[in-house]
Amino acid sequence: MLKIYNTLTGRKETFEPLVPKTVRMYVCGVTVYDECHLGHARSALVFETVRRYLQYCKFKVRFVKNFTDVDDKIINRAKELGIPWQAVTAKYIKAYYRDMKRLGIRKATVEPKATTHMADIIGLVRTLLRKGIAYRADGDVYFQVEKFPAYGALSKRKLSDMQAGARVEVDERKRHPMDFALWKAAKSGEPAWNSPWGPGRPGWHVECSAMSMKHLGKTFDIHGGGADLIFPHHENEIAQSYAATGKELARYWVHNGFVQINQEKMSKSLGNFFTVREIFEKWGYREPVTGEVLRYFLLATHYRSPVDFSDQGLQEAKRALDGFYGLFQRLKESSGAKGPGDSQLKQSIERLNDGFRQAMDDDFNTAAAIAQFQELRVEVNRLLVTGLSRKAREKAREALRSFGAVLGLFQLLWRDWEFKDLYPPTGWLNTNTQMPSRPEEQHRAHGPHISSVPTLSDNEIKEKIDERNEARRRKDFKRADEIRAELTSFGITVEDKPDGTTRWKR
RNA sequence: GGCGCCGUACCCAAGUGGCUAAGGGAGCAGUCUGCAAAACUGCGAUGCGGCGGUUCGAACCCGCCCGGCGCCUCCA
């Protein structure tokens, strides 16, 4: 039985979709005016994992994730770069897809853009005006929060409390300082769509209400996003949608915690962010390896907790995955058809099955789920010493791979994994100093990539290994150790197995 | 000022009323090894920021305090 923590009620609730066996979920995506940083990646990953697990539980999932492609920040960025705003959004939508692909994050069922839903947005604003919940002021349209009694229910705040400390610019045209824009009149040169209130563009919140309604209906099951969207974004969505339809917008509100640097929220304004792009380009491992390391790193912490990004954290995730891929290698290489450990393996896999489901059913506890994988890893290693039949070894691998798939882990071939430790292994990620705010500058600040470690081809390695084993047979251990040192210098680890053969890892 | 979150071993991190407080990393000791590496085995919090309280029983509930953070303005 799946339980989900609902921000609206503040507790875990048993999940039951409105329509049996079908889940409709909406997640607020990104505003496309810059590169994604790790915080965006975490949110995308968390909700993709939610979706994957729901699918694993045999739900049919309709997953909508939007792009905000019209907004003040986009307009500003366009001015800054001296290019049309459409070029800005096109560029960063492309960058977003590139990053998601590297992280192994699949596309949503529908990925709508605000700019292609103008009719829906205008229709929604018109409804709110007709119902007297919104009002016009010059070319703008505002939502009147005082007409919505439940305002503040999600973020647990009262209008009266907020007035006290809110340093909102006093806009004389607003009836209440918390009233928010549904439609903004365009100044000259700004992107504009025709509307009954003159040319302009939608406010930020209204697009999500319009698009979710269009693609999922008036009420759907799960609405997600980063915790920083609880207020005002999601609060405003609820107000608009409910005011327009008279129906509950979403039944389960799910919010992920922040990525932090040195205990502080990663954000543009603090300048302490790392873009997904620079992590991939500078961490030195090949893309699929870095992608999985990032997934592991992020999923090893529960999605609602903050996660502190650091070089050490990444290293630990890498080492943990080394352990799993090392096991995959051993499972493949081991020989012997007899399997004294076979019956025990069956039990172990059964335990993983139960443990995994229990963990994930408890509000998507990926950290606890990963612990289950670790336990199976140890048990299989142990059983491998006892002896596992070929069939059992295949089963063990398959169990890890199929459960791992729900988290997007263990999907590579062990041959494609990179076991070597990077050298210098740490230090590229200097989290103690203020980061320059532009990725371009950061590259310069941190010097060249460290991925250009010289390497050898498989054949060259094989020759060296053969030569070394020949030396070992002659008991010329001095020569054997020389060769091993040489291979080490190329980032290759040599392991002599008990049966006399040698395996190597890059 | 309002609302909220976090503080579990050297590090990361589950657990939120009741078996011996998961799991990983690091460390130490051992098995194996020509030496290594890997793997395995063993060791590691009588205690969960502090102090009180509720309870037969609390890391988990309540209160106060200390430390850190977030939202209230664009923010995943």
Side-chain angles (χ1 to χ4, degrees), chain A residues 7 10 12 27-31 33-34 36-47 71-73 76 152 155-158 160-169 178 204 224-233 235 255-260 262-270 273 296-297 300-302 304-308 310 312-313 315-320 322-323 326-327 329-330 355 359 362 365-375 377-386 419 472 475-478 480-481 484-485 488 493-498 502-505:
Chain A
T7 306
K12 288 181 195 170
V27 171
C28 293
V30 291
T31 300
Y33 73 103
D34 206 346
C36 286
H37 67 228
L38 241 209
H40 301 112
R42 184 183 195 194
S43 186
L45 175 62
V46 162
F47 291 104
D71 158 277
D72 291 352
K73 290 191 292 285
N76 292 338
S155 55
K156 313 278 185 279
R157 43 191 104 198
K158 299 180 201 135
S160 53
D161 291 342
M162 283 185 288
Q163 285 180 64
R167 272 176 286 149
V168 186
E169 256 182 67
M178 282 292 133
W204 175 35
D228 45 3
L229 297 184
I230 294 170
F231 190 90
H233 186 56
E235 196 71 72
H255 295 95
N256 66 277
F258 301 130
V259 176
Q260 310 186 137
N262 293 327
Q263 327 284 11
E264 284 186 320
K265 179 182 173 185
M266 182 183 282
S267 73
K268 302 258 174 173
S269 48
L270 285 170
F273 62 91
Y296 190 102
F297 168 74
T301 301
H302 184 85
R304 280 190 282 119
S305 301
V307 54
D308 213 70
S310 67
Q312 188 198 330
Q315 292 292 343
E316 283 185 12
K318 170 65 169 56
R319 238 166 283 155
D322 282 347
L327 172 61
Q329 178 179 29
R330 255 168 266 123
D362 184 14
N365 194 335
T366 53
I370 283 174
Q372 296 296 315
F373 291 134
Q374 291 284 9
E375 285 189 10
R377 179 183 64 80
V378 172
E379 281 176 52
V380 174
N381 269 322
R382 194 185 302 144
L383 292 173
L384 223 35
V385 177
T386 312
F419 289 93
R472 287 173 71 214
K475 300 257 192 270
D476 184 0
F477 297 120
K478 186 164 170 276
D481 289 348
R484 178 162 61 199
T488 302
T493 308
V494 175
E495 295 177 15
D496 298 325
K497 298 198 289 176
T502 299
R503 78 157 71 94
W504 58 271
K505 291 171 175 176

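Note on naming: letters A, B, ... go to the chains in the order of the sequence lines (proteins, then strands), and numbering restarts at 1 for each one.
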Distance between the [atom1] atoms of [N] and [M], in whole angstroms?
{"N": "B:rA21", "M": "B:rA45", "atom1": "C1'", "result": "8 Å"}
{"N": "B:rG7", "M": "B:rA29", "atom1": "P", "result": "34 Å"}
{"N": "B:rG63", "M": "B:rC69", "atom1": "C1'", "result": "22 Å"}
{"N": "B:rG25", "M": "B:rA58", "atom1": "C1'", "result": "30 Å"}
{"N": "B:rC43", "M": "B:rG24", "atom1": "P", "result": "13 Å"}

Euclidean distance, atom [atom1] of residue [X] to atom [atom2] of [N] [Å, nearest integer]:
{"X": "A:E379", "N": "B:rU41", "atom1": "CD", "atom2": "C1'", "value": "15 Å"}
{"X": "A:M178", "N": "B:rC3", "atom1": "CE", "atom2": "C1'", "value": "13 Å"}
{"X": "A:N381", "N": "B:rG24", "atom1": "CG", "atom2": "P", "value": "11 Å"}
{"X": "A:H255", "N": "B:rG70", "atom1": "NE2", "atom2": "C1'", "value": "14 Å"}
{"X": "A:F373", "N": "B:rG24", "atom1": "CZ", "atom2": "P", "value": "14 Å"}
{"X": "A:D496", "N": "B:rA39", "atom1": "CG", "atom2": "P", "value": "15 Å"}
{"X": "A:Y296", "N": "B:rA14", "atom1": "OH", "atom2": "P", "value": "12 Å"}
{"X": "A:E264", "N": "B:rC71", "atom1": "CD", "atom2": "C1'", "value": "15 Å"}

Among [options], which nucleotide sits nearest the side chain of [X]?
{"X": "A:E316", "options": "B:rG25, B:rA14, B:rC69", "value": "B:rG25"}
{"X": "A:R472", "options": "B:rC11, B:rG23, B:rG34", "value": "B:rG34"}
{"X": "A:T31", "options": "B:rG15, B:rA76, B:rA38", "value": "B:rA76"}
{"X": "A:R330", "options": "B:rA13, B:rA76, B:rA39", "value": "B:rA39"}
{"X": "A:Q374", "options": "B:rG23, B:rC69, B:rC35", "value": "B:rG23"}
{"X": "A:V378", "options": "B:rC71, B:rA14, B:rU41", "value": "B:rU41"}
{"X": "A:R382", "options": "B:rG24, B:rA13, B:rU41", "value": "B:rU41"}
{"X": "A:A371", "options": "B:rG34, B:rG23, B:rA76", "value": "B:rG23"}
{"X": "A:R377", "options": "B:rC40, B:rU73, B:rA76", "value": "B:rC40"}

Have a look at [X] and say if it touches a base, only the backbone sugar-phosphate, or nothing, with a 4.0 Å heavy-atom cut-off.
{"X": "A:G313", "answer": "nothing"}
{"X": "A:Q372", "answer": "nothing"}
{"X": "A:V46", "answer": "nothing"}
{"X": "A:F477", "answer": "base"}
{"X": "A:G29", "answer": "sugar-phosphate"}
{"X": "A:K265", "answer": "base"}
{"X": "A:D481", "answer": "base"}
{"X": "A:R319", "answer": "sugar-phosphate"}
{"X": "A:E495", "answer": "base"}

At less than 3.5 Å, do the side-chain atoms of [X] and the base atoms of [N] form a donor-acceptor pair?
{"X": "A:D322", "N": "B:rG25", "result": "no"}
{"X": "A:D71", "N": "B:rC74", "result": "no"}
{"X": "A:R304", "N": "B:rC5", "result": "no"}
{"X": "A:R484", "N": "B:rA36", "result": "yes"}

**OP:** Examine B:rC35: is either OP1 or OP2 under 4.0 Å from a nitrogen or oxygen in the side chain of A:K478? Give yes or no.
**Re:**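 False: A:K478 side-chain N/O out of range (4.0 Å or more) of B:rC35 OP1/OP2.
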With both distances kept under 3.5 Å, what pairs with [N], Watson-Crick or G-U wobble?
{"N": "B:rG52", "value": "B:rC62"}
{"N": "B:rG47", "value": "none"}
{"N": "B:rC10", "value": "B:rG25"}
{"N": "B:rC32", "value": "none"}
{"N": "B:rG4", "value": "B:rC69"}

Original post:
Mind checking whether A:F258 and A:M266 have side chains closer than 4.5 Å, heavy atoms only?
Top reply: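 No, every pair of side-chain atoms sits at 4.5 Å or beyond.
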Original post:
Just wondering, do A:D362 and A:K12 contact through their side chains at under 4.5 Å, heavy atoms?
Top reply: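 SC-SC contact between A:K12 and A:D362 confirmed.
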**OP:** Please assess A:R42 against A:T301 for the test side-chain contact (heavy atoms from CB on, under 4.5 Å), listing each intermediate value before the final yes or no.
**Re:** CA-CA 11 Å; A:R42 184 183 195 194; A:T301 301; 4.2 Å; yes
